[in-house]
Amino acid sequence: MSRSSALTSAAKLPRNFYEQATLEVSRELLGKYLVRVHRDGTTAGQIVETEAYIGPDDKACHASKGRTPRTEIMFGPPGHAYVYLIYGFHYLLNFVTEGIGVPAVVLIRAVEPREGIELMQLRRHTTAVRNLCSGPGKLCQAFAIDRSHNGSDICAGELYVEDRCERVKNIATTPRIGIDYAGKWKHNPWRFFVRDSEFVSKR
DNA sequence: CAAGAGATCATCT
DNA sequence: GATGATCTCTTGA
């Protein structure tokens, strides 16, 4: 038995978790833990907000533009990270879902900081815990996630999701944030968050 | 507190 | 050449 498995009761989510329908994965990720192992220290937090992007028809999904070098990862096997730079400033973290050839992902929009908070505060240049990971760009900065993680296997690496068997209740759904250009697709209630959480991006 | 502007670059036209 | 799955700071009520 390895040292890590002897010491932790948490289970790293296996690939078949990500093979489910994207809306299922989006909902079930709430309450799970995002974990990032780094030589400077480990950061971890409970996922409290997600969004589903389900191409190729979904106009908000990058894959609706077709299969390009950028979107290729979304067409690949589930359980891999899709990370990209937006507005020239912020990285956004997604997990590939469903099956090979189906371009769909879940965007991680907010987590509640639980471990490595001091490290997050250093990276984010702020001390307010509520402001460390309450947004998709913020959490990538707090977890030191960047382009180097694009395409990485989140079932076997330094970046992964754990099930610590904590239940969340009162899951709310709304349309997704920041996709006014997406026509009728902007109305789909594909954003999921923990209603009572202080750590979501918006209410 | 709400609204607006600016920052900055990978990607696709 | 245009545009974004954002964030922070400033302005003004």
Side-chain angles (χ1 to χ4, degrees), chain A residues 18 21-23 25-27 29-30 34 43 45 47-76 78 80-98 102-113 120-152 154 159 161 172-194 197-203:
Chain A
Y18 303 95
T22 306
L23 294 179
V25 178
S26 302
R27 185 179 287 272
L29 276 173
L30 298 178
L34 178 67
T43 46
I47 298 169
V48 295
E49 181 178 346
T50 62
E51 281 178 0
Y53 288 83
I54 311 174
D57 296 328
D58 175 10
K59 287 294 179 291
C61 181
H62 291 163
S64 67
K65 304 288 189 192
R67 191 163 183 160
T68 68
R70 180 199 209 189
T71 61
E72 183 63 25
I73 183 65
M74 280 199 261
F75 289 83
H80 289 254
Y82 170 53
V83 180
Y84 69 95
L85 183 70
I86 188 67
Y87 298 115
F89 291 84
H90 309 287
Y91 292 99
L92 271 62
L93 172 66
N94 302 256
F95 297 143
V96 178
T97 58
E98 310 223 10
V102 181
V105 297
V106 175
L107 169 68
I108 306 302
R109 283 195 57 92
V111 311
E112 174 176 337
M120 294 182 188
Q121 289 168 326
L122 281 172
R123 290 170 174 160
R124 289 275 300 128
H125 307 108
T126 183
T127 56
V129 177
R130 233 178 354 190
N131 196 33
L132 293 178
C133 301
S134 53
K138 294 178 187 178
L139 74 88
C140 281
Q141 186 180 19
F143 279 74
I145 292 165
D146 59 31
R147 275 210 75 104
S148 69
H149 295 88
N150 190 38
S152 69
I154 55 170
L159 177 66
V161 179
T173 62
T174 71
R176 295 167 291 178
I177 305 293
I179 54 155
D180 284 348
Y181 61 86
K184 68 174 184 180
W185 295 92
K186 75 179 183 184
H187 303 298
N188 294 28
W190 287 356
R191 172 178 177 241
F192 300 85
F193 65 97
V194 179
S197 175
E198 300 286 311
F199 299 90
V200 298
S201 65
K202 291 180 176 163
R203 296 164 174 282

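Throughout, a chain's letter reflects where its sequence line sits, starting with A, and its residues are numbered from 1. From a predicted model like this one, the values you see are computed outputs, not experimental measurements.
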Checklist outcome for this item: Hits for ring-ring contact (aromatic ring centres under 6.0 Å, His included) against A:Y18, two or more places apart or cross-chain, chain-then-number order -> A:F95
Checklist entry - Is A:R124 touching bases, backbone alone, or none of the nucleic acid, heavy atoms closer than 4.0 Å? => result sugar-phosphate
Next on the checklist: Using whole Å, what does the distance between atom P of nucleotide C:dA5 and atom CZ of A:F95 come to?
Outcome noted: 19 Å
Checklist entry - Between SG of A:C133 and CD1 of A:I108, what distance do you get to the nearest 0.5 Å? => result 12.0 Å
Item to check | From A:I54 atom CD1 to A:N188 atom CG, the distance as rounded to the nearest 0.5 Å | outcome: 8.0 Å
Item to check | side chain to side chain donor-acceptor pair (under 3.5 Å) against A:T43, all qualifying residues, sequence neighbours excluded | outcome: none
Checklist entry - Among all residues two or more places apart in sequence or in another chain, which pass the salt bridge (charged side-chain N to carboxylate O under 4.0 Å, His left out) test with A:R191? => result A:E49
Next on the checklist: Using a 3.5 Å limit on both distances, find every run of at least three consecutive Watson-Crick or G-U pairs that involves DNA chain C.
Outcome noted: B:1-7 with C:6-12, B:9-12 with C:1-4
Item to check | Pairwise side-chain contact, A:L34 with A:L93, heavy-atom cut-off 4.5 Å (strictly under) | outcome: yes
Next on the checklist: Nearest whole Å is fine: how far is B:dA10 P from A:N150 CG?
Outcome noted: 13 Å
Next on the checklist: Students often get this wrong, so: under 4.0 angstrom with heavy atoms, is A:L107 touching a base, only sugar-phosphate, or nothing?
Outcome noted: base
Checklist entry - When you check the phosphate oxygens OP1 and OP2 of C:dC7, does a side-chain N or O of A:R109 lie under 4.0 Å from one of them? => result no
Next on the checklist: Using a 6.0 Å cut-off, check whether atom CZ of A:R67 has over 12 heavy atoms from anything other than its own residue.
Outcome noted: yes
Item to check | Sub-4.0 Å heavy-atom contacts from residues 49-62 of chain A onto DNA chain C, ordered by number | outcome: A:Y53, A:A60, A:H62
Under 3.5 Å between N/O atoms: give me all the protein pairs with nucleotides 9-11 of chain C, atom names plus distance.
none

Checklist entry - Is any side-chain heavy atom of A:L132 less than 4.5 Å from a side-chain heavy atom of A:T126? => result yes
Checklist entry - Just how far, in rounded Å, is C1' of C:dC7 from NZ of A:K202? => result 10 Å
Item to check | Side chains of A:T127 and A:Q121, donor plus acceptor under 3.5 Å | outcome: no
Checklist outcome for this item: Rounded to whole Å, the CD1-C1' distance (A:I179 to C:dG4) equals 12 Å
Item to check | Any residue meeting salt bridge (charged side-chain N to carboxylate O under 4.0 Å, His left out) with A:R27, in chain and number order, not counting sequence neighbours | outcome: none
Checklist entry - Sub-3.5 Å donor-acceptor pair from the side chain of A:S152 to the main-chain atoms of A:A81, do we have one? => result no
Next on the checklist: Assuming nearest nucleotide by heavy-atom distance, tell me which of A:Y181 and A:N131 is located more 5' along DNA chain C.
Outcome noted: A:Y181
Checklist entry - Between A:W185 (CH2) and C:dA5 (P), how many Å, whole number? => result 16 Å
Item to check | Atom-pair distance (CH2 on A:W190; C1' on C:dA5), nearest Å | outcome: 14 Å
Checklist entry - Can you list the residues that meet the side chain to side chain donor-acceptor pair (under 3.5 Å) rule with A:R124, with sequence neighbours excluded? => result A:Q141
Checklist entry - For A:Y84, which residues count as a ring-ring contact (aromatic ring centres under 6.0 Å, His included) partner, sequence neighbours excluded? => result A:H62, A:Y82
Enumerate all atom pairs, one protein N or O and one N or O from nucleotides 3-9 of chain B, separated by less than 3.5 Å.
{"residue": "B:dT8", "atom": "O2", "partner": "A:Y87", "partner atom": "O", "Å": "2.6"}

Checklist entry - For A:W185, does its backbone N or O pair with a side-chain atom of A:R176 as donor and acceptor, under 3.5 Å? => result yes
Checklist outcome for this item: Contacts of A:R147 meeting salt bridge (charged side-chain N to carboxylate O under 4.0 Å, His left out) (sequence neighbours excluded), chain-then-number -> none
Item to check | DNA chain B contacts made by residues 65-76 of chain A, counting heavy atoms under 4.0 Å | outcome: A:T68, A:R70
Item to check | A:Y53 and A:I179, any side-chain heavy atoms less than 4.5 Å apart | outcome: yes
